[in-house]
Visitor: 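Following this message is one structure expressed as structure tokens.
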Amino acid sequence: MKVHIDEIKCTGHGRCAKYAPNVFTLNDEDGYNADRGKTIDVPADEEANARLGVKSCPERAITIID
Amino acid sequence: MNDVSSSTPVDPETTPEALVERFGRDLINDFDLDDPNFNERFDETLNFMVRKCPVVHSKVGRGYYLINTQDDVRAAAQNWQTFSSAKGYMPNRPDGLPYLMPEESDPPMHTRWRRVLNPHLSPKVCAGLDHPVRNDVNALIDTFIDRGECEFITEFGALLPGWAFFKNVLGVPVDDLAMLVNGVEEGTFAADLDERARHFAEVFGYLEKHLKWRTTQPPRGDLIDTILAGVTYDDGTEAPWEHKVSILVDLTFGGIATTTFVMGSAIHHLATHPEQRQLLIDDPSLIENAVEEYARFFPPVVALGRTATKDVEVSGTKIAEGEFVMLAYACASRDPRHMEEPEKIDVRRQGIPHSTFGVGPHRCIGSNLARVELRATLEEWLKRIPDFRLKEGTKPTYITGYLRSMRTLQLEW
Ligand code: HEM
Ligand code: SF4
């Protein structure tokens, strides 16, 4: 599974990293998703966490690419 | 134009007669945020509107719409080109009140400010405030624990957010906090609109004086210095002094009353649900998620406004250019299309898609700090006062408009 984090929609709620800290990291400086605008790989054993992170993003900024 | 009902399918529960009978007024065509019925039956009204009334209209003053479903709120909040913040967030804004940066501005001006302000309230910085905030929580509890009772709002809830923000972030003395808390509260809820303006002016005056004083002091490299350094707008002009003052005012408005409401509501819920209290005492690791669920369910920001920059249609309702449109974050956080049993509080709920801290570029800049305050409060309170209840014969009192506030909460243990 891969996920894409929308560069513009992400406004730094930080929810993704709460549920899936091993997938999503926040930029130390401003607290936005550090991979804004990128597509990243999700390890198989992190998929469930990643899905919760995706669900809890109030911006729907993260899309799952199966 | 204003007849919203004509565009929604007929449902016996949403006819004007049924609405008047149930809510005391035709919610769909004649909504009023300041109606005492809304305050009294807050949960019921939110739950009803998010299910049955995607868009409602108010005839109060210059009039406004309320957008209620999560998908519509998110789409509008993210589409700042069509739903602009530059004409303010308050419905029927008092004349002459200066606009507040960054809240009452649009990108790219808004982006300039957020870029320099965000680092001062990032998750990392706020995690570092956990310790001083916890000390404050305990210092406040010390003032009343031996008495076996307290009035939670004045003795704790209205103080902690002000201490957390003024002492730890702004370095402002907390002596004048009571005046500021009262100014923000009355400026939001006073029945008379001129009186609201007078209270806001008092808060403006106080904070401007403080900012001016800081220009005479050596720099500390803090948030205030960042505000004083200012930003350059895209047209090459420097942000004027009034914008700098308004940043400080906006942060103060945002930073004090809102967090008090979530805190008070969570403590009230725990006072009246011993089994929930026990759940969190037995497994404190649930508290972080509980904070999220309480923030979802007890929204201090009911709705904030935008101005339509062109004719648009939202869930079948036509909205004309220039109309004032409120994003009902409180309704969006209870949308059954996005979560199960949204009318229930469930601290074990996983992946809570709420909009209590707003959506879009104006996402609450203080959300990370508010979370630290709420978590520290619940953790320390439950450690020190694990068994507490509502004082016999009392119940909390509330006031509601575009914000919701708890006025009193009497506890005993
Ligand atoms: C539980 C507590 C809080 C809640 C529920 C809350 C809610 C919100 C919401 C819904 C918005 C979005 C405004 C919009 O869409 O126009 C917002 C913005 C804002 N909040 Fe908060 N807030 C809280 C705490 C704080 C704190 C602690 C601070 C300051 C330290 C703060 C400062 C602000 C500021 C300055 C904005 C404007 C941001 C912008 O326009 O870019 N808030 N808040
Ligand atoms: S939850 Fe969404 S908006 Fe927040 S940091 Fe993660 S991706 Fe960005």
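Excluded from the calculations below are hydrogen atoms, water molecules and symmetry mates; all remaining heavy atoms, backbone and side chain alike, are included. In what follows, chains are A, B, ... by sequence order, proteins preceding strands, each numbered from 1.
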Visitor: Going from CZ on Arg363(B) to SG on Cys10(A), what distance comes out if it is rounded to the nearest 0.5 angstrom?
Guide: 8.5 Å
Visitor: Measure the spacing between SG of Cys57(A) and CZ of Arg74(B) and express it to the nearest 0.5 Å.
Guide: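 The CZ atom of Arg74(B) is 8.5 Å from SG of Cys57(A), to the nearest 0.5 Å.
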Visitor: Please report the shortest heavy-atom distance between Pro123(B) and Gly31(A), naming the atom on each side.
Guide: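 Shortest heavy-atom separation between Pro123(B) and Gly31(A) comes out as CD-CA, 3.5 Å.
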Visitor: Determine whether the side chains of Arg60(A) and His338(B) contain a donor N or O and an acceptor N or O closer than 3.5 Å.
Guide: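 A donor-acceptor contact under 3.5 Å links the two side chains.
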Visitor: Could you tell me whether Gln81(B) atom CD has more than 12 heavy atoms of other residues or ligands within 6.0 Å of it?
Guide: yes
Visitor: Of all the heavy-atom pairs spanning Glu29(A) and Ser122(B), show the shortest one and how long it is.
Guide: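 Result for this residue pair: O-CB, 3.6 Å.
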Visitor: Of the backbone (N, CA, C, O) and the side chain (C-beta and beyond), which part of Arg296(B) lies under 4.5 Å from a heavy atom of chain A, both, or neither?
Guide: neither
Visitor: State plainly whether the residues Arg15(A) and Glu292(B) are in salt-bridge range, i.e. N to O under 4.0 Å.
Guide: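 Yes, Arg15(A) and Glu292(B) are salt-bridged.
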Visitor: Does a sphere of radius 6.0 Å around CZ in Arg348(B) hold more than 12 heavy atoms from other residues, nucleotides or ligands, not counting ones at 6.0 Å or beyond?
Guide: no
Visitor: State which residue, out of Leu26(A), Asp30(A), Asn27(A), Asp28(A), fulfils the side chain to side chain contact (heavy atoms under 4.5 Å, CB included) condition with Lys124(B).
Guide: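 Single pass found, and it is Asp28(A).
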Visitor: When you measure from the side chain of Lys55(A) to the backbone N and O of Gln350(B), does any donor-acceptor pair fall under 3.5 Å?
Guide: yes
Visitor: Okay, side chain of Glu59(A), backbone of Val359(B): is any donor-acceptor separation there less than 3.5 Å?
Guide: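 Not at all, since once roles are kept as given, no pair shorter than 3.5 Å links the two residues.
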Visitor: As an exercise, state the distance from OG1 of Thr11(A) to CD of Gln78(B), rounded to the nearest 0.5 Å.
Guide: 7.5 Å
Visitor: Counting neighbours of CD1 on Ile64(A) that are heavy atoms of other residues, nucleotides or ligands and sit closer than 6.0 Å, is the number greater than 12?
Guide: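 Yes, enclosed.
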Visitor: Rounded at 0.5 Å granularity, tell me how far OH in Tyr32(A) sits from CZ in Arg114(B).
Guide: 5.0 Å
Visitor: Sort Arg115(B) into side chain, backbone, both or neither according to what part of it lies under 4.5 angstrom from a heavy atom of chain A.
Guide: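 It is neither, since no heavy atom gets under 4.5 Å.
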Visitor: Near Lys244(B) NZ, under 6.0 Å, is it more than 12 heavy atoms from other residues, nucleotides or ligands?
Guide: yes
